[in-house]
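Not measured: the values here are computed from a predicted model. Chain letters run A, B, ... following the sequence lines, proteins first, then strands; residues in each count from 1.
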Number of protein chains: 2
Amino acid sequence: MTGQVRTVDGRVAGRRGQATRQKLLDCLSEMLSSSPYRDVKVIDVARKAGTSPATFYQYFPDVEGAVLEIAEQMATEGAQLTALVEGRNWVGKAGWAAAEELVEGFLDFWRANDAILRVVDLGAAEGDKRFYKIRMKILNSVTNSLTESMKELQAKGKVDKDLSPAAMAGSLVAMLAAVASHQKGFQTWGVKQAELKPNLALLVHLGITGKKPTK
Amino acid sequence: MTGQVRTVDGRVAGRRGQATRQKLLDCLSEMLSSSPYRDVKVIDVARKAGTSPATFYQYFPDVEGAVLEIAEQMATEGAQLTALVEGRNWVGKAGWAAAEELVEGFLDFWRANDAILRVVDLGAAEGDKRFYKIRMKILNSVTNSLTESMKELQAKGKVDKDLSPAAMAGSLVAMLAAVASHQKGFQTWGVKQAELKPNLALLVHLGITGKKPTK
DNA sequence: TCGGTAAGCTGACGGCATGACAGGACAAGT
DNA sequence: ACTTGTCCTGTCATGCCGTCAGCTTACCGA
């Protein structure tokens, strides 16, 4: 499917090579969590991985290239987020549960990958299509499912027809992503995690169904 | 109030110095719009401003320091966003108008300052308190006003009392900020600007009042 | 008009990251 | 032990960073 792993100069990487490569990715990932993206240097990553800068450049064109790789891996895992929405029933108590679990799952995923997601967000906002695509890959899985759910509700006449499901789903998902990436901020400020989740769930429910949830 | 403008080594800047300083800030601002934050180099900014790198370091400790300056200026202008919420009536038609104008004003402000806001967002997400403070300065003006509005509605019994106004306002503002910073993305994808705004306004209205708007 | 003083700017330099290359180290098969 | 292809590193040219001494410019009081 994805073809073999190759070095920058075209050689196929063997077992040892792949291990080194992965170690570099892991170290980079760690560095992204601990220091500003702008200050992450190839030489530091290489040192941390117990190798030399030259080795880094054998597997990646530059830091950005390696980041894209990590992001790609994460995006693949992120596809599982679809499961949070797909086949859900948005009516009655089940609807409230669906909203709650969506919020929960989303925040968890974001917390687990916050460092790399920050960089992806920045890249996407700066207009880099490669990052944008990755961000889409993650968000689309949720957005599309939500859009479908809303369309169904519209078809049954339970939601105003003049709403754009895509825009609504997109806005909700953007909200979740934004809140998720500033979770620490909310905490530092006055808002507790416990208060945040029900509010988000409420907004999601209101947005999708147009009605207050029955808890 | 703000004291005099000073160089890094403590001298007070005169008229000429301030002009140079401002020119550097303008050029930096421009560069942030046209190239990735990570790739903005002091030497490029200096060249663009028709001066030397050494001059840059006379006024700013580093690129980040200069960015903070720009962000500070923007945050001051951003305080006017409060006007979009303060003293608003959220009942009936006026409520819908309030929601619409809030969304409109927010997206406009973001579009006008997207480059610097991206960087502020990143800095805040990375945990830098200085950037976080600036982000707060902008968002708080809106968040606090919204929180007050909700509390009033709660006092009148028009909104559930078990909701946290702060969390709700924070979530809504975070949503607006997120959607605003990915406006281009939404367009590139299938969602049109014209569809986006009413949906956001609807969500804001639903979140604040708990009810569907009367248009 | 004429210094004197402080502001303003720059050339130059050591230091470090980048990115390329060639050659040596290593593992696996014969 | 030898060969082959993979893997790593020493080294080097290049370019940016951040700092300093020192030069130029503007302002001001005598």
Colleague: Quick check on C:dC9: is either OP1 or OP2 less than 4.0 Å from any side-chain nitrogen or oxygen of B:Ser52?
Modeller: no
Colleague: From C:dG8, D:dC16, D:dG10, pick the nucleotide closest to the side chain of B:Ile43?
Modeller: D:dC16
Colleague: Kindly say if A:Thr55 contacts the phosphate of D:dC8, meaning a side-chain N or O under 4.0 Å from OP1 or OP2.
Modeller: no
Colleague: Assess whether a salt bridge exists between A:Lys197 and A:Glu100, defined as any Lys/Arg side-chain N lying under 4.0 Å from an Asp/Glu carboxylate O.
Modeller: no
Colleague: Which is more 5' along DNA chain C, the nucleotide nearest B:Arg38 or the one nearest B:Thr7? Just name the residue.
Modeller: B:Thr7
Colleague: Which heavy atom in A:Ser171 sits nearest to a heavy atom in B:Leu196, and how many Å separate them?
Modeller: OG-CD1, 3.8 Å
Colleague: May I ask you to verify if any side-chain N or O of B:Thr20 is less than 4.0 angstrom from the OP1 or OP2 atom of C:dC9?
Modeller: yes
Colleague: Is there a donor-acceptor contact under 3.5 Å linking the side chains of A:Asp26 and A:Gln22?
Modeller: yes
Colleague: Identify which nucleotide among D:dC20, D:dC17, D:dT25 has an atom closest to any side-chain atom of B:Arg16, counting heavy atoms from C-beta outward.
Modeller: D:dT25
Colleague: Using a cut-off of strictly less than 4.0 Å, decide whether B:Tyr57 has a side-chain nitrogen or oxygen near OP1 or OP2 of D:dG18.
Modeller: yes
Colleague: Just to confirm, is there a sub-4.0 Å distance from OP1 or OP2 of D:dT9 to any side-chain nitrogen or oxygen of A:Thr51?
Modeller: yes
Colleague: Determine: side-chain N/O of A:Tyr59 to OP1/OP2 of D:dC8, distance under 4.0 Å, yes or no.
Modeller: yes
